[in-house]
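In what follows, a structure is listed as structure tokens, so that the remarks can point back to it.
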Amino acid sequence: MALVSAYSSDEDDAFSAGDVFGLSTLPSAKKPRVDDLVKHQLHAAPDVLSEDPLHQTSLVTRPTDTQMNVNIKYDDMMLPLQGPENPFGDRKRFLNQNALAGHVEEQSMTEHAFRSQHLTHAILGYSANPSIDPNAPAVLGSIESAQSNGFSTIDTLRATRSQRKELKRKRKQRGDLDIVEGEGAYVGPWATWQGDEPENHFLTGVEAGDGEEEEEEEEEEKEVVKTKKAKPKRGAPGQETSIFHGKSMTDYQGRTYMSPPVAEAPNLLQEAGSQECFIPKVCIHTWTGHTQGVSVIRTFPETGHMFLSGSMDTKIKLWDIYTHGNCLRTFHGHVKAVKDVTFSNDGRQFLSCSYDRTIKLWDTETGQCIKRFGNGKIPYVVRFHPDQDKQHIFLAGMSDKKIIQYDMNTGDITQEYDQHLGPVNTITFVDENRRFVTTSDDKTIRAWDFDIPVVIKYIAEPHMHSMPAVTLHPSNRYFAAQSLDNQILVYSTDNFRQNRKKRFAGHSVAGYACQVGFSPDGKWISSGDGEGNVVFWDWKTGRIKSRLKAHSKVVITHEWLPHDTSKVITASWDGLIKLWD
């Protein structure tokens, strides 16, 4: 017991001396001094700094300090806020702030509410009062104006029906298409409004007293100016002309250019596609005459001894191939670029369509414009019905997504095929002309029964592109479509399935509706491209056999001559038409 009490008394001594861990009881050579121990004693909350000798509460730091040692007491932290209120604190700025015009209140509102009130005040002279003061007026500004408008803001004001009728301006007449200038001239959508004419309210530099006398003199001097009817453009409706470029319409036997020149080209008597065909290599003739790009060419049906070309210079030209290789006739019938031309079965008539929104029927031999058709939309493609007993019917694919069927005898629209979702680009008759296939900018292919406006086959895949040019294979079993992702796809004409084994690529046509061509025996398939080349593929293998540099600009269309083994006509946007052999 005595031992324990002695130990505890030692322990008390150690604690009293600041010896927390009982170091003083350990045997050592030299006992540490008690005041040293006190000096190095640990403190749970150290003094603030040695610069604060009076133990004030201020926190003094040196510039070199990286941390501050301070323990704020809980009581200090929980003290209530004292002293004057901070005038610059959040949301307390305007509480009692005086202003020259009275007192200021803070209001929060949406940008739209502020803008509508601000505009209402600026334009109509009143706005709602945002003040929360119950004695303040509800409306600021003109009370009369506010009452007359029913206290509406400018964005909710609506004119009454009678006011709208009074305000509604009357549009002047669109005018006559045939008149270019003068009274009744065609102004179309640019027709002015009644009451918009500029008025001259000023006198001519003289005082009002002398003005009357001068006006009388001027009236006597004035000459009466008659408004002449402007001469309509050549090619406008009713103004179609054609020019024959030869010396004589007939030869010594009385034959016109319509009859095939069998003496110069005996092969015209053979059946088309009966001979084996080869790929052309050199240019043997160039037809010049169009001043702008050529957009379409069509060879004469059956014989192919001449061809039509439609151009962006608005002209259609008929060219000779076998005798002199010259231009036979120029047809001036459109006022804008020609988009498509197509021959009837016997070639005696042809249709042309243009961006001037008209379709015209021409006599190939005399150059006379027989009829005009149009529904106000741009026709992109025209096709005669190929049956011999339906030569008075033609189809036109329009920019308003419809295919329109015309009867030329009556000039009436007899059927409308309205399913496409974009302008119609091509019309191709298949299956013994009982059906036809159309393609459109909506990237679909649709097949129709003739005269029934219901789609019988609808081909649309997510990966499909627009197909702006379609050509029938000479066997009539397939049609080839130029797809704008730089490939030619082949579809069967009986079930409209894609033939996945036949795919022709390696040319660049993106953005151009380059026509696809077939050699008369069906052995070669060809296409122009955007760089001015003509590319030839083997129909069986799908391999490129030849690439012909033909023009300086895109080769938009080309045709194989039906009775020759290797002759191809190419037409380009450089305005040239070339014959290759």
Side-chain angles (χ1 to χ4, degrees), residues 169-193 229-241 295-296 310-316 331-342 349-362 369-385 392-427 436 438-442 444 446 448 451 453 466 468 513:
R169 301 183 292 173
K170 298 282 188 295
R171 197 78 182 262
K172 288 191 176 172
Q173 290 292 319
R174 294 167 74 93
D176 188 358
L177 263 173
D178 295 340
I179 307 169
V180 179
E181 286 178 316
E183 196 161 340
Y186 180 71
V187 283
W190 299 276
T192 53
W193 302 86
K229 257 199 175 186
K231 191 180 173 188
K233 258 189 184 174
R234 182 160 74 168
Q239 300 293 317
E240 297 90 352
T241 56
S295 50
V296 58
S311 164
M312 297 173 195
D313 61 9
T314 74
K315 297 183 191 71
I316 302 160
F331 302 84
H332 299 275
H334 292 287
V335 291
K336 286 191 180 170
V338 178
K339 180 71 177 75
D340 196 17
V341 292
T342 182
Q349 296 177 338
F350 70 89
L351 281 165
S352 66
C353 70
S354 159
Y355 285 100
D356 62 10
R357 299 165 192 262
T358 59
I359 302 166
K360 298 193 176 178
L361 178 68
W362 301 83
C369 179
I370 304 164
K371 280 194 174 168
R372 303 163 202 86
F373 310 91
N375 69 342
K377 300 289 184 292
I378 298 173
Y380 283 151
V381 53
V382 282
R383 285 288 176 274
F384 276 98
H385 192 290
H392 60 285
I393 292 171
F394 74 87
L395 297 178
M398 312 299 276
S399 59
D400 66 345
K401 314 168 195 171
K402 292 179 186 168
I403 299 121
I404 288 176
Q405 183 176 314
Y406 279 96
D407 186 330
M408 293 193 302
N409 295 342
T410 61
D412 296 337
I413 296 172
T414 55
Q415 189 63 271
E416 279 190 358
Y417 306 83
D418 184 12
Q419 295 270 316
H420 275 295
L421 304 174
V424 181
N425 291 322
T426 68
I427 300 170
F436 62 92
T438 59
T439 65
S440 158
D441 285 354
D442 63 10
T444 64
R446 290 170 207 243
W448 318 71
D451 218 9
S466 181

Report task. Check Q415 against P453 and note the closest heavy-atom contact, atom names and distance. Result -> OE1-CG, 3.6 Å

Query raised in the report: Rounded to the nearest 0.5 Å, what separation is found between the CZ atom of R357 and the CG atom of N375?
Result: 9.5 Å

Query - N/O donor-acceptor pair under 3.5 Å between Y186 side chain and E181 backbone - result: no

Query raised in the report: Are any non-hydrogen side-chain atoms of Y417 and V424 less than 4.5 angstrom apart?
Result: no

Query raised in the report: Hey, mind stepping through F350 and I316 against side-chain contact (heavy atoms from CB on, under 4.5 Å) and telling me if it holds?
Result: CA-CA 11 Å; F350 70 89; I316 302 160; 4.1 Å; yes

Query raised in the report: Taking atom OH of Y380 and atom CG of D400, what is their separation to the nearest 0.5 Å?
Result: 10.0 Å

Report summary line: So CD1 of I427 and OG1 of T439: to nearest 0.5 Å the spacing works out to 9.0 Å

Query - From CA spacing to verdict: side-chain contact (heavy atoms from CB on, under 4.5 Å), D407, H392 - result: CA-CA 6 Å; D407 186 330; H392 60 285; 3.3 Å; yes

**Report entry** Least distance between heavy atoms, A396 atom then I359 atom
**Finding:** CB-CD1, 3.7 Å

Report summary line: Taken in chain and number order and not counting sequence neighbours, the residues that satisfy salt bridge (Lys or Arg N to Asp or Glu O under 4.0 Å) with D340 are R298, R383

Requested in this report: Could you tell me which non-hydrogen atom of R446 sits nearest to which non-hydrogen atom of H420, and how far apart they are?
Outcome: NE-ND1, 3.2 Å

Report task. Return yes if some donor-acceptor pair links the side-chain N/O of T314 with the main-chain N/O of K336 below 3.5 Å, else return no. Result -> no

Report summary line: Distance col, row I370:CD1 vs M408:CE, nearest 0.5 angstrom, shows 8.0 Å

Query raised in the report: Does NZ in K371 sit with more than 12 non-hydrogen atoms of other residues, nucleotides or ligands closer than 6.0 Å?
Result: yes

Query raised in the report: What pair of heavy atoms forms the shortest contact from P379 to S354, and how long is it?
Result: CD-O, 3.4 Å

**Report entry** Donor-acceptor under 3.5 Å (S295 side chain, V338 main chain)
**Finding:** yes

Query raised in the report: T414: what forms a side-chain hydrogen bond (donor to acceptor under 3.5 Å, both in side chains) with it, not counting sequence neighbours?
Result: Q405

Report summary line: Residues at least two apart in sequence or cross-chain that pass side-chain hydrogen bond (donor to acceptor under 3.5 Å, both in side chains) with S352, listed by chain then number, are H334, W362

Report task. Compare all side-chain heavy atoms of F394 with those of I404 and state whether any distance is below 4.5 angstrom. Result -> no

Report summary line: Contacts of F384 meeting ring-ring contact (aromatic ring centres under 6.0 Å, His included) (sequence neighbours excluded), chain-then-number -> none

Report task. For T426 and T438, indicate whether the former's side chain and the latter's backbone hold a donor-acceptor pair under 3.5 Å. Result -> no

Report task. For residues G333 and D356, report the shortest heavy-atom separation together with the two atoms involved. Result -> O-OD2, 4.5 Å

Requested in this report: For the pair L361 and F373, evaluate side-chain contact (heavy atoms from CB on, under 4.5 Å) and give the outcome as yes or no after the intermediate values.
Outcome: CA-CA 8 Å; L361 178 68; F373 310 91; 4.2 Å; yes

Query raised in the report: Can you tell me how far CD1 of I378 sits from OG1 of T358, rounded to the nearest 0.5 angstrom?
Result: 10.5 Å

Query raised in the report: What pairs with R372 under salt bridge (Lys or Arg N to Asp or Glu O under 4.0 Å), at least two apart in sequence or on another chain?
Result: E240

Query raised in the report: salt bridge (Lys or Arg N to Asp or Glu O under 4.0 Å) with K402: which residues, sequence neighbours excluded?
Result: E416

Query - Taking every non-hydrogen atom, the tightest pair across I179 and G184 - result: CD1-O, 3.7 Å

**Report entry** Donor-acceptor contact below 3.5 Å, side chain N425 vs main chain P468
**Finding:** no

Requested in this report: Determine the interplanar angle of the W448 and F436 rings, folded into 0 to 90°, and report it as parallel if under 30°, tilted if 30 to 60°, perpendicular if over 60°.
Outcome: parallel

